[in-house]
Amino acid sequence: MDNILYVADIVKNTIVDGEGFRTSLYLSGCDICCKDCHNKELWDIKSGKTMSVDEVYNKIIKYFTNITFIGGEPMMQASTLTLLAEKIKENTNKTIWIFSGHNYEEIINNENYFNLLKYCDVLVDGKFDKNYFENNLKFKGSSNQRIIDIQNSLNKNEVVLWEDEFNDELVI
Ligand code: SF4
């Protein structure tokens, strides 16, 4: 089912999954299985509702906000999500943030994951690790995770952190 995404939820107007107001696409399925995961109910990909790429696209672009792919593990559905990301980038000026338990280096060395990454703007990478948990981290759960400016990183061929990554405290 090449054109089908397993979707756990679509949340509009959230401010916790990236910069500004965003529409978050929660993908079901995770094969990373961090020990202290708070979303274990999403590990089974079949726990999500099936939606075609066009159905998801039509639903998420009607809001004025930018887009976030989160899970679960979005990379489990990388090839289908690439179709969605490509369509978003071709037809809108929305930014795409993506959260993954895989780190940047793993992603750029996996053709399937890399194809998706190329359409995204910011990556929050790495596994959630309770040992590195800190209160009030902005957009991430533990300090081992990085917020990466994808296009700058690809251009410079090295990891470039997103500009506000240095300002780690969540300001409410
Ligand atoms: S990558 Fe995310 S969803 Fe998957 S096990 Fe780790 S914390 Fe949970």
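Both ligands and their constituent atoms are indexed starting at 1 by order of listing.
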| remark: For atom 8 (Fe) of ligand 1 the protein N, O or S atom count under 2.8 Å stands at 1
| query | Going by the angle between their ring planes, with limits at 30° and 60°, are H38 and F128 parallel, tilted or perpendicular? | reply | tilted
| said: Given 3.5 Å as the limit, does a donor-acceptor pair link the side chain of Q151 with the main chain of C120, or not? | reply: yes
| message | Is it the case that atom OH in Y132 sees more than 12 heavy atoms from other parts of the structure closer than 6.0 Å? | response | no
| request: Indicate yes or no: does K46 engage E41 in a salt bridge with an N to O separation below 4.0 Å. | output: no
| query | Quick one: side-chain hydrogen bond (donor to acceptor under 3.5 Å, both in side chains) pairs with a partner in residues 25-34, sequence neighbours left out? | reply | D17-Y26
| Is the cationic atom of K89 (NZ for Lys, CZ for Arg) positioned less than 6.0 Å from the six-membered ring centroid of Y119 and within 45 degrees of its normal? | no
